[in-house]
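Report on the following structure.
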There are 2 protein chains.
Amino acid sequence: MTKHQNNKEQAILAAAKEEFLDKGYDGARTTSIARAAGVTHAMLHYYFKTKEQLFEHIFQETMGMLVEGILEVFTQTDKPFKERIAEALGIHFEVIRQNPRLPLFMIREVASRPERFAIIKNVISTFAGNLLIALQRDIDQAVAKGEISHIDATTLLLDMISLNVFPFIVKPVFEAATGLDLNADSKFWELRKQENTQLIMRRLTPMQS
Amino acid sequence: MTKHQNNKEQAILAAAKEEFLDKGYDGARTTSIARAAGVTHAMLHYYFKTKEQLFEHIFQETMGMLVEGILEVFTQTDKPFKERIAEALGIHFEVIRQNPRLPLFMIREVASRPERFAIIKNVISTFAGNLLIALQRDIDQAVAKGEISHIDATTLLLDMISLNVFPFIVKPVFEAATGLDLNADSKFWELRKQENTQLIMRRLTPMQS
DNA sequence: GATTTTGTTAACAATCTTGTTAGCTTACAT
DNA sequence: ATGTAAGCTAACAAGATTGTTAACAAAATC
């Protein structure tokens, strides 16, 4: 019954994730995290020396999920380019839907303290660089085959991410302004997913001119 | 020379705006604001009883700018629907470009404390409601004339806002990840504006099916 | 010109927040 | 079983942060 290996540490991490995602680094309180985890706040400092270190854990974990999410999106198949993009869009949308608070969390923290990002900057930038090169190659091939209109890889990627991510980021404002509860409204999100796909597909479809 | 009517109050407001926009409510320090404004921090509490009240001023001012921005967008003309939307998109983009920190500021604050929004919720919701009704009417007319594909007014509005706003919100992450300085890169923003217009225009153009 | 109101300062106070320490208990290894 | 390490707690400490107060100066009002 008394299997208490490191479950307090886990409880702290779980509570910290909630608190940091909700309120951000500045708004989070270590005492509040400890309370939510059901431990004394001395315990928190026992496992994680400082608030900063605890945050680092959460931030890295979060970043990991985002990178995984993006990797998952680019499961290369041999389908036509447009189908692949449509699939990637859908998967990306679902990843965000499962972790709707991650994007705002990350943007908020990077905006208020860009240095934090420096640690993983190299990883990201080479990763993103390779991804963009591969994507541009595929785009160029598809253009050559007449399957799509020309588009810059960076531009396309930003289009996709903007459309998929922004609705989740603006959700609190939307809900506050309309009084609607979007969590209970799966129709809204299905419609959104379809709309994003449609937008990108129309963007890629060659014009009949 | 000694014309000091209420310039300290103004200095405090200006410094507070900087600080709140940059760091958010939780990250902002009243002492730091006072220092930046060149006044003692007792002075800050003299003009604005509490940090909360000072924030309220800034928040309302900011909201005002955003609403003005949206109003400016919907300067009704008698041009064809698609042209009007293209124009609105461009104006909206420029409004954000002039105030690139406003959207993240608002989203961040509403996310961390939705109650704050309650005050102005009514204003916004009726305003947004009317706007959506008018937009839907125009859409339906344009559809009837065969000028555009059918689209929900809410959907179109969210498309437009997502595309225009998200790049500015994600800018810090983008810069941190790539090392680029987007402020110095006016080409990037021009391309973005064009791309957004193109996306929406293609979305609206009836399909040749 | 006297009085009242407004502006200003320095010092103080209360509370919140993070972090530490000393000592106790439990588990674990030998 | 005994000693050592890890887990845990309560109390404390330092510093930051917001807010107040008393006393004084300047300006406005009469």
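Throughout, protein chains are lettered first and strands after them, A, B, ... in sequence-line order, and every chain is numbered starting at 1.
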- Message: Pair A:S112, B:R108 - check side-chain hydrogen bond (donor to acceptor under 3.5 Å, both in side chains), show working.
- Response: CA-CA 11 Å; A:S112 70; B:R108 178 209 269 151; 5.6 Å; no
- Message: Classify B:A28 by what it touches in the nucleic acid, base, sugar-phosphate, or nothing, heavy-atom distance under 4.0 Å.
- Response: sugar-phosphate
- What nucleotide among D:dT17, C:dG19, C:dA11 has an atom nearest to a side-chain atom of B:R29? D:dT17
- Return the value, rounded to whole Å, for the distance between atom CD of A:Q53 and atom P of C:dT18. 15 Å
- Query: Hey, does the side chain of A:T40 come within less than 4.0 Å of D:dC8's phosphate (OP1/OP2), counting only N and O?
  - Reply: no
- Task: Identify which nucleotide among D:dA6, C:dT20, C:dA10 has an atom closest to any side-chain atom of A:Y46, counting heavy atoms from C-beta outward.
- Result: D:dA6
- Against the side chain of B:M43, the closest entry in C:dG7, D:dG7, D:dT18 is C:dG7
- When you check the gap from the basic side-chain N to the acidic O, do B:E87 and B:R84 get nearer than 4.0 Å? no
- Note on the structure: Of C:dT17, C:dT8, C:dT9, the nucleotide closest to the side chain of B:Y47 is C:dT8
- Item | Whole-Å gap separating C1' (D:dC8) and CG (A:N7) | 13 Å
- Note on the structure: In whole angstroms, the gap separating P of C:dC16 from CD1 of A:I33 amounts to 18 Å
- Looking at the side chain of B:T50, which of D:dG7, D:dT17, D:dG19 is the nearest nucleotide? D:dG19
- Task: Write down the distance between NZ (A:K51) and C1' (C:dC16), rounded to a whole number of angstrom.
- Result: 12 Å
- Of the listed D:dG7, C:dG19, D:dT20, the closest approach to the B:A42 side chain comes from D:dT20
- Out of C:dT18, D:dT9, C:dT8, minimum distance to the side chain of A:K8 belongs to D:dT9
- Task: Look at B:K49 and D:dT20 and indicate whether a side-chain polar atom (N or O) is within less than 4.0 Å of OP1 or OP2.
- Result: yes
- Message: If I take atom NE2 in residue A:H45 and atom P in nucleotide D:dC8, what distance separates them, rounded to the nearest angstrom?
- Response: 16 Å
- Task: Look at the aromatic rings of B:H45 and B:H41 and report parallel, tilted or perpendicular, splitting at 30° and 60°.
- Result: perpendicular
- Kindly point out which of C:dG19, D:dT18, C:dT17 is positioned nearest to the side chain of B:T30? D:dT18
- Task: May I ask you to decide if the ring planes of B:F117 and B:F59 are parallel, tilted or perpendicular, using 30° and 60° as cut-offs?
- Result: perpendicular
- Message: What is the distance, to the nearest angstrom, from the CG atom on B:L44 to the C1' atom on C:dG7?
- Response: 14 Å
- Item | B:K82, NZ atom: more than 12 neighbouring heavy atoms under 6.0 Å | yes
